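As the structure is a prediction and not an experimental result, all values here were calculated from the model.
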Amino acid sequence: MNVRRLLALPVLAALLTGCGIRATEVPTDFGAAPSRVPCSLTEPDISTQSSRGVPVQVFLLCGSSLVTVDRTVRVPDGTADAKRRVIVAQGLLDQLAETPSVSEKEAGYTTDVRGGMTVSGPAPGDPEDALRLSTTPSDLTSYALAQIVCTFSDSAAAEGDGSVILGGPAGKPLRRYECTSEVRSRPGSAKPPSTEVSGS
């Protein structure tokens, strides 16, 4: 009797295997974890923020729109307001030109602002709140211009009404730009509204 039971065990095991009752070998891995929600950072990326500096936000591209991310800009204590605006503007420009962090890239963030661009204060005869870029705004891509205008307009570099006066190197015309909801949602096709500005 015992011999028959022992012989029956392999047969029973085979039958159970055929019926798919191999509980210990059922896969428990249901694939990779859900991917990060596009254009959404689960928590601040401290790798992109300096331990010391003024907290700011810059507009990066994600999908077909502009989205803000946190950054910091270093401003020396006691800096005069006029010079402070230029330092902040340059810091923002540098941050826009930085390659997004790994987590930002995974979330779909990109930038169209290229490195090497500089910003200076008003040239002689310019309004005191004017900012001049080393690249003429009209020579920038629509995405890059939208990023710069919206970032500047949401910072200490802007006018009280949120507009920003930008121009190229000295001698180039100045224009007052605004960042609208349409520009933020469609930076590739909606150019920042602007009006020509005359000297002071």
May I ask you to test the Val149-Val183 pair for a side-chain heavy-atom distance under 4.5 Å? no

Report the C-alpha distance between Val75 and Val88 in whole Å, list the side-chain angles of each, state the deciding distance to 0.1 Å, and finish with yes or no for side-chain contact (heavy atoms from CB on, under 4.5 Å). CA-CA 7 Å; Val75 180; Val88 169; 3.9 Å; yes

Exercise: identify the closest heavy-atom pair between Ile87 and Pro76: CD1-CD, 4.1 Å

Considering all heavy atoms, the nearest Arg85-Ala156 contact: CG-O, 3.6 Å

Leu174 side chain near Pro127 side chain, heavy-atom distance below 4.5 Å: yes

Is it true that Val113 and Val67 fall in one hydrophobic cluster, defined by side-chain heavy atoms closer than 4.5 Å? yes

Go through the side-chain N and O atoms of Ser138 and Thr136 and say whether any donor and acceptor fall under 3.5 Å apart. no

In Å, rounded to the nearest 0.5 Å, how long is the span from CG of Leu66 to SG of Cys150? 5.5 Å

Restricting to non-hydrogen atoms, name the atom on Ser153 and the atom on Gly162 that form the minimum distance, rounded to 0.1 Å. CB-O, 2.8 Å

Ala89 to Ala157 - nearest heavy-atom pair and separation: CB-CB, 4.1 Å

Glu196 and Lys172 ion-paired at < 4.0 Å: no

Single-linkage hydrophobic cluster, 4.5 Å side-chain cutoff, Val56 and Val164 together: yes

Side chain proximity check, Leu131 to Ser120, heavy atoms < 4.5 angstrom: no

Nearest non-hydrogen partners of Ser65 and Pro187, listed with the distance: CA-CD, 3.8 Å

Would you find a donor on one side and an acceptor on the other, under 3.5 Å apart, between the side chain of Arg132 and the backbone of Pro169? yes

Are Phe152 and Leu61 grouped together when hydrophobic residues (ILVMFWY) are joined by side-chain heavy atoms under 4.5 angstrom apart? no

Quick one: does Asp126's side chain have a donor or acceptor within less than 3.5 Å of a partner on Ala123's backbone? yes

If you measure from CG on Leu140 to CG on Leu133, what distance do you get to the nearest 0.5 Å? 7.0 Å

When rounded to the nearest 0.5 angstrom, what distance separates CG in Asp154 from CZ in Phe59? 5.0 Å

Find the distance between SG (Cys179) and CG (Leu145) and round it off to the nearest 0.5 Å. 10.5 Å

Measure the shortest side-chain to side-chain distance between Glu104 and Val69 over non-hydrogen atoms and say whether it is less than 4.5 angstrom. yes

Please report the interatomic distance OG(Ser142) to CZ(Arg186), rounded to the nearest 0.5 Å. 11.0 Å

Between Glu178 and Asp161, does a side-chain contact (heavy atoms from CB on, under 4.5 Å) hold up when you go through it step by step? CA-CA 9 Å; Glu178 295 179 28; Asp161 60 1; over 6 Å; no

Tested for side chain to side chain donor-acceptor pair (under 3.5 Å) against Thr111, the lone hit among Gln95, Glu98, Gln147 is Gln147

Residues Arg176 and Thr195: side-chain donor-acceptor under 3.5 angstrom: no

Verify the distance criterion only: is there a donor paired with an acceptor across the side chains of Arg184 and Ser181 at less than 3.5 Å? no

Beyond-backbone contact of Thr118 with Leu93, side-chain heavy atoms, under 4.5 angstrom: no

Separation between CG of Leu166 and CD1 of Ile148, rounded to the nearest 0.5 Å: 7.5 Å

Is Val58 linked to Val54 within one hydrophobic cluster, defined over Ile, Leu, Val, Met, Phe, Trp and Tyr using a side-chain heavy-atom separation of less than 4.5 Å? yes

Verify the cluster assignment for Leu92 and Leu60: are they in a single hydrophobic cluster under the rule of side-chain heavy atoms below 4.5 Å apart? yes

So do Pro122 and Asp129 actually touch side chain to side chain, heavy atoms under 4.5 Å? no

